[in-house]
Amino acid sequence: MNIKPLAFRMRPRSIDEIIGQEHLVGEGKIIARMVKAKQLSSMILYGPPGIGKTSIASAIAGSTKFAFRTLNAVTNNKKDMEIVAAEAKMSGKVILLLDEVHRLDKAKQDFLLPYLENGMITLIGATTSNPYHAINPAIRSRCQIFELKSLVTDDITKALERALHDEERGLGAYKTEVSFDALTHFATASNGDVRSALNALELAVISTEPDESGTIHIDLQIAEECMQKKSFSHDKDGDAHYDVLSAFQKSIRGSDVNAALHYLGRLVEAGDLVSIARRLVVIAYEDIALANPQAGPRALAAVEAAERLGFPEARIPLANSVIELCLSPKSNTAIAAIDAALSDIRSGHSGDVPDHLKDAHYKGATELGRGIDYLYPHDYENGWVKQQYLPDKLRSKKYYKPKKSGKFEQALASVYENIEKKK
C-alpha cells in the first residue's frame with residue numbers, strides 16, 4: 001500500500017491533466033497561455049478546499065519543468081523560505097506553492113518580496129479566503145488573482161474513474177468494480193471536494209475484501225461508510241436531486257416553513273451546500289424581492305456564513321434564512337418586469353433611443369441633434385419632469401406591475417402610481 005494518499009498521487013503532472021477550471025487552463029485561457037509561453041507571473045489561487053489549487057500549481061511546474069517547492073505560510077518558518085531562495089539563486093527560477101498564503105506574517109513577507117520582484121521565485125499562493133480581504137496588499141499587488149470554480153459532479157466522477165484505471169499512480173493494480181450508485185455517492189457527497197472523494201475511494205478499495213475471483217466490489221453501503229455520509233436519493237439523470245431543489249423553492253414560495261425545513265434537511269444530509277446557497281439567494285430575489293428587500297442581503301450573509309463554517313454548523317445560518325424567507329411577504333414583480341422587457345426585446349420590439357436621451361458628450365453631437373431637448377430632472381420640483389424615455393414604438397408600454405404585499409413595495413407602488421398619473 002502506498003504511503004502517500006491517492007489524492008496526492010493523482011495530482012496532475014501537466015495542465016492537460018487538470019480536471020475542471022477550464023476558464024483558467026482551457027485552450028487559450030490565461031494560465032494555459034502563461035505555460036505555453038513559459039512566461040509565468042506570481043499568482044494567488046483562491047476557492048473552496050479540494051478543488052484544485054495545489055493541482056494547478058503542480059501541473060504548472062510539471063508543464064514548465066521549473067523546480068517546484070511547497071511550503072505552508074503557517075507551519076514553515078523563514079529558514080525554510082531561505083532554502084527555497086538559495087535554490088532559486090542556483091537554478092535561476094523556482095515555483096513556490098505557498099499554502100494558506102493569507103496567513104503570511106510580515107517577516108516572511110518582507111523576505112519574499114525582493115525575490116518576487118526580480119522573478120527568481122514565482123509565487124503561487126493558495127487560499128480559501130477572499131484575497132482582497134485577507135491578503136496583505138504588498139503581496140497582492142505583485143500577484144495576479146484567479147478564482148477557482150467549484151467542481152461539478154461530472155468533474156469529480158472523471159477524477160475517480162481516472163484513479164480507478166491508473167495502474168502507475170492510482171488503483172489500477174486492483175481488480176475493482178464500483179457500482180454506479182457508489183461512484184455517484186463519492187462524487188456528490190464530497191460536496192465539490194475531489195481530494196475527499198479520492199481518499200474515500202481509496203479507503204473503500206483497500207479495506208474491502210475481494211471475492212473468490214479476486215474482484216473488489218464497492219457498493220453504495222461501502223461508499224456511505226467510507227464517505228461517512230448517507231446517500232442522498234439520486235437517479236441516473238439526477239431527477240430526484242432536482243425534484244428536491246424544486247420542492248425546496250416552492251415550499252418557501254408557498255410560505256410552508258415545515259416543508260421548506262424538511263427539504264433543507266435532505267439537502268444538508270447530502271452535503272450539497274453549493275445548491276442550497278445558490279437556491280436561497282435566487283429565492284430571496286425572485287420570490288420575496290421588493291416585498292422585503294433586506295431578504296436578499298441577509299440570505300447572502302447567511303450563505304457566506306455557512307460557507308465559512310462548513311457542515312455541520314452551516315445548517316444553522318441556512319435554517320435562519322429559510323425561516324425568514326418562508327415567513328416574509330412575497331413579490332415577483334421584479335422578475336416579471338424584467339422578463340416582460342426581455343420578451344419584447346427578443347421579439348424584435350425595441351426601437352431607437354429618443355434623440356434627447358442619446359449621448360451628447362462628443363464633438364458634433366449637437367449638429368446631430370443629440371441631447372438637445374433633454375430635461376434635467378433635478379432642475380424641477382421633487383426631481384421629476386414629464387419626459388419621454390421609452391422608444392416611440394414602446395412609449396406606452398408598462399412592464400412593472402406593483403404588488404402591495406409588503407410595506408416597502410407599497411411605498412414603491414404609491415410613488416409609481418403618482419408618476420403614472422402625472423404622465
Side-chain angles (χ1 to χ4, degrees), residues 46-51 128-130 133 147-153 155-156 187-193 229-234 238-339 403 405-409:
Y46 83 102
I51 63 170
T128 56
S129 300
N130 187 326
H133 299 155
E147 181 178 8
L148 274 63
K149 296 180 179 178
S150 294
L151 297 177
V152 298
T153 301
D155 292 331
I156 298 177
T188 56
S190 58
N191 195 30
D193 186 337
K229 284 185 180 177
K230 286 290 182 183
S231 173
F232 178 60
S233 177
H234 283 80
D239 290 343
H241 174 65
Y242 292 106
D243 285 347
V244 172
L245 284 171
S246 176
F248 179 53
Q249 179 160 2
K250 287 170 182 171
S251 297
I252 295 176
R253 183 185 294 149
S255 303
D256 191 322
V257 176
N258 298 305
L261 287 170
H262 167 76
Y263 293 118
L264 173 65
R266 288 169 69 164
L267 293 166
V268 167
E269 189 66 18
D272 193 1
L273 181 54
V274 174
S275 296
I276 298 170
R278 183 178 181 278
R279 199 57 65 114
L280 278 181
V281 176
V282 167
I283 291 167
Y285 286 98
E286 178 181 346
D287 295 307
I288 285 80
L290 295 173
N292 176 10
Q294 286 305 307
R298 283 201 288 266
L300 184 58
V303 163
E304 289 174 346
E307 289 173 342
R308 180 164 293 189
L309 290 169
F311 287 126
E313 288 84 357
R315 74 191 190 284
I316 304 167
L318 296 176
N320 275 268
S321 183
V322 165
I323 292 168
E324 178 187 359
L325 295 177
C326 274
L327 300 180
S328 285
K330 308 294 191 293
S331 174
N332 70 337
T333 54
I335 187 174
I338 186 59
D339 284 353
K403 289 183 177 180
S405 51
K407 290 183 179 179
F408 184 82
E409 195 163 19

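Keep in mind the model is a prediction, meaning the values are calculated, not measured.
A distance of 8.5 Å separates CG of Leu151 from CG of Asp193, quoted to the nearest 0.5 Å. Expressed to the nearest 0.5 Å, how far CG of Leu325 lies from OG of Ser251 amounts to 12.5 Å. Between Ile276 atom CD1 and Leu267 atom CG the span is 5.0 Å, to the nearest 0.5 Å. Between the CG atom of Leu264 and the CD1 atom of Ile252 there is a distance of 8.0 Å, given to the nearest 0.5 Å. In this structure, Ile288 CD1 and Gln294 CD are separated by 13.5 Å, a value rounded to the nearest 0.5 Å. Distance CG/Asp272 to CZ/Arg279: 10.0 Å, rounded to 0.5 Å.
In terms of heavy-atom proximity, Ala295 sits nearest to Ala284 at O-CB, 3.8 Å. Residues Ala187 and Thr153 come closest through the heavy atom pair CB-CG2, 3.7 Å. The nearest pair of heavy atoms linking Ser405 to Ala291 is OG-CB, 3.7 Å. Closest approach of Ser321 and Ala302 over heavy atoms only: CB-CB, 3.8 Å. Closest of all the heavy-atom pairs between Ser150 and Ile51 is CA-CG2, 4.3 Å. Leu290 and Ala334 get closest at one heavy-atom pair: CD1-CB, 4.5 Å.
In this structure, Ser255 contributes its side chain and Cys326 its backbone to a donor-acceptor pair below 3.5 Å.
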Would you please test Val303 and Glu307 for side-chain contact (heavy atoms from CB on, under 4.5 Å) and show each step? CA-CA 6 Å; Val303 163; Glu307 289 173 342; 3.7 Å; yes
Test side-chain contact (heavy atoms from CB on, under 4.5 Å) on Arg266 and His262; report intermediate values, then the result. CA-CA 7 Å; Arg266 288 169 69 164; His262 167 76; 3.3 Å; yes
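Partners of Asp155 under the side chain to side chain donor-acceptor pair (under 3.5 Å) rule, at least two apart in sequence or in another chain, do not exist in this structure. Residues meeting the side chain to side chain donor-acceptor pair (under 3.5 Å) test with Glu324, sequence neighbours left out: Arg298.
Of the options Leu280, Leu309, Val322, a side-chain contact (heavy atoms from CB on, under 4.5 Å) to Pro317 is made by Leu309 and by none of the others. The salt bridge (Lys or Arg N to Asp or Glu O under 4.0 Å) test with Asp287 is passed by exactly one of Arg253, Lys250, Lys403, Lys330: Arg253.
Residues Phe311 and Leu318 are in side-chain contact: their nearest non-hydrogen atoms beyond the backbone lie under 4.5 Å apart. Looking at heavy atoms from C-beta onward, Tyr285 lies out of side-chain contact with Ile335 at the 4.5 angstrom threshold.
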